[in-house]
Protein chains: 2
Amino acid sequence: MELTTAEENYLKAIYHLSDGGKKSVATNDIAAEMNTKPASVSDMLRKLGDKEVIEYRKYYGLQITETGKRFALQTIRKHRLWEVFLVEKLNFAWDEVHEVAEQLEHIQSTLLIQRLDSYLNYPKFDPHGDPIPDEFGDVRARPRVQLNEMEIDQTGQIVAVKDSSAAFLRYLDKVGAYIGARIKVLDKVEFDGSLEILVDQKKTLFMSKDVAGNILVLQS
Amino acid sequence: MELTTAEENYLKAIYHLSDGGKKSVATNDIAAEMNTKPASVSDMLRKLGDKEVIEYRKYYGLQITETGKRFALQTIRKHRLWEVFLVEKLNFAWDEVHEVAEQLEHIQSTLLIQRLDSYLNYPKFDPHGDPIPDEFGDVRARPRVQLNEMEIDQTGQIVAVKDSSAAFLRYLDKVGAYIGARIKVLDKVEFDGSLEILVDQKKTLFMSKDVAGNILVLQS
DNA sequence: ATATATATTTAGATACACCTAAATTTAAAA
DNA sequence: TTTTAAATTTAGGTGTATCTAAATATATAT
């Protein structure tokens, strides 16, 4: 069975919004995520239901099926592999890759993805630190904590961001933080939860609790 | 102004069929090339006319405009750069690249193509030996002769094939010929025009006039 | 429990890219 | 030059993916 580009995009959005199939998802939320209208979503949900990638009862929400998960993970895998390619081989900055990867993820060719994977040396994480599912859809996520939850003197490595909007990524770049940076919590202000961080043993920077909450750290 | 994927495909076909804008093209020929029906072509020609990438007078045929040529060459450039990428970086065989490149050529991102070009070291020819237009649409073609037109003892290098169907490419691979191979005409049969060819100073092979007519050689 | 608000779906349109069948125009043959 | 054949276009219709506006179902509040 084959999915159209639009169907792949909807399924991916549903997979993310449902947190990998755990939660139920609202039509309105899908519409917001996809920048379409709820009416269009209803149309599409019927189609996805017909193709049995979701289980859909109108007004009662939906559930991704196992088949649906497989398709979603395949698209996510392709998206993230292309992101690695763009950053590592074509020297894109991480705030420039999303839009292009969004197009590249729909190229249909099993061979292409196999070869790309091999060419990139079977990466396990994309440039934002998100895990890349293998060809069977298996994901090995690293245990990660939010930077704002760490205590003084604890150390680790930035491995991902929650909000990967271009604006946030540019902000991080500007202050000298990046995926892979080794960090240490120097101080934490009780009053507002803001933090003082040491980056790569040389640069200190201050950030609000909100910003820190968007940064995921692999503790060491 | 933006073209849809279908419009890009039609324009590319028209560019090729018109030999770069020189000849006039028939609706039926476009339909054959695109595997569609003449009626669909008429529809599309009207649209392409509205967008002024062709000059179209119904029943009287069409002419690519300068704008149209620019678009066509841009698409051809992208197609051929991706082919180089697939062969040189992902180890595709040259008979496997066409279908995938056909999809990749429609990815929209100027930056992507600039970076890809640079990453591939600004190649001037694709794996089939066809020239890659530069970002301004300029093509520097090599003077090439058909193998069947060469005389005994003349030498050269295979740089392109006319018929780049998967079947023909597989045939070439099988007999040990390939783009880049150095060849010498050992013998030519008057009766049917068939040839005996020395490949890479070691292997000899026989081929019909028809096969040789499909092989383009840069003489040396 | 009834009224009100919110979420969701249906109805009816539009644009794209295609189709078949019929009409029309141009070209070729008698 | 008229007839016939071939090429091309128009008419009308399909499926996909979208929209707005209206209807309906569910959830919340009085």
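Quick note on labels: first sequence line is chain A, next is B, and so on, each numbered from 1.
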Query raised in the report: Hey, what bend do you get for the helix from dA1(C)-dT30(D) to dA30(C)-dT1(D) if you fit axes on five pairs at each end, rounded to 10°?
Result: 10°
Compile the donor-acceptor pairs under 3.5 Å between side chains in residues 23-30 of chain A and protein atoms, sequence neighbours left out, one pair per line.
none

**Report entry** Near-strand residues of residues 5-13 of chain B, defined as heavy-atom separation under 4.0 angstrom from DNA chain C
**Finding:** Ala6(B), Tyr10(B)
Query - Within 6.0 angstrom of Glu99(B) CD, more than 12 heavy atoms from elsewhere - result: no
Query raised in the report: In residues 30-58 of chain A, what residues come within less than 4.0 Å of DNA chain C, judged by heavy atoms?
Result: Pro38(A), Ala39(A), Ser42(A), Tyr56(A), Lys58(A)
Report summary line: 5'-most to 3'-most nt of DNA chain D touching chain A (<4.0 Å, heavy-atom partner on protein side) reads dT16(D) to dT26(D)
Query raised in the report: Is there side-chain contact between Ile215(B) and Phe168(B), with at least one heavy-atom pair below 4.5 Å?
Result: yes
Query raised in the report: Heavy-atom distance under 4.5 Å between the side chains of Phe136(A) and Leu73(A), does that happen here?
Result: no
**Report entry** With Asp138(B) via salt bridge (charged side-chain N to carboxylate O under 4.0 Å, His left out) - residues at least two apart
**Finding:** none
Query - Gap between atom CD1 of Ile76(B) and atom CG of Leu81(B) - 0.5 Å precision - result: 12.0 Å
Query raised in the report: Is atom CD of Gln219(B) surrounded by more than 12 heavy atoms (other residues, nucleotides or ligands) closer than 6.0 Å?
Result: yes
Query raised in the report: Quick one: side-chain hydrogen bond (donor to acceptor under 3.5 Å, both in side chains) pairs with a partner in residues 52-66 of chain A, sequence neighbours left out?
Result: Glu66(A)-Lys69(A)
What pairs of donor and acceptor atoms, side-chain ones from residues 82-90 of chain B against any protein atom, are under 3.5 angstrom apart with sequence neighbours left out?
{"residue": "Trp82(B)", "atom": "NE1", "partner": "Leu104(B)", "partner atom": "O", "Å": "3.3"}
{"residue": "Glu83(B)", "atom": "OE1", "partner": "His128(B)", "partner atom": "ND1", "Å": "3.0"}
{"residue": "Glu83(B)", "atom": "OE2", "partner": "His79(B)", "partner atom": "NE2", "Å": "2.9"}

Report task. With sequence neighbours left out, write down each residue that passes side-chain hydrogen bond (donor to acceptor under 3.5 Å, both in side chains) with Thr75(A), or none if nothing qualifies. Result -> none
Query raised in the report: What residue pairs, at least two apart or across chains, pass salt bridge (charged side-chain N to carboxylate O under 4.0 Å, His left out) with a residue in residues 109-131 of chain B?
Result: Arg77(B)-Asp117(B), Arg80(B)-Asp126(B), Asp130(B)-Arg144(B)
Query raised in the report: Hey, which of Glu7(A), Gln74(A), Glu33(A), Glu102(A) is the one that makes side-chain hydrogen bond (donor to acceptor under 3.5 Å, both in side chains) with Lys12(A)?
Result: Glu102(A)
Query raised in the report: Is it true that atom NZ of Lys209(A) has more than 12 heavy atoms of other residues, nucleotides or ligands lying nearer than 6.0 Å?
Result: no
**Report entry** Derivation of the side chain to side chain contact (heavy atoms under 4.5 Å, CB included) call for Met1(B) and Phe71(B)
**Finding:** CA-CA 10 Å; Met1(B) 200 248 308; Phe71(B) 275 105; 3.7 Å; yes
Query - For Asn214(A), all residues meeting side-chain hydrogen bond (donor to acceptor under 3.5 Å, both in side chains), sequence neighbours excluded - result: none
**Report entry** DNA chain C contacts among residues 21-29 of chain A, heavy-atom distance under 4.0 Å
**Finding:** Ala26(A), Thr27(A), Asn28(A)
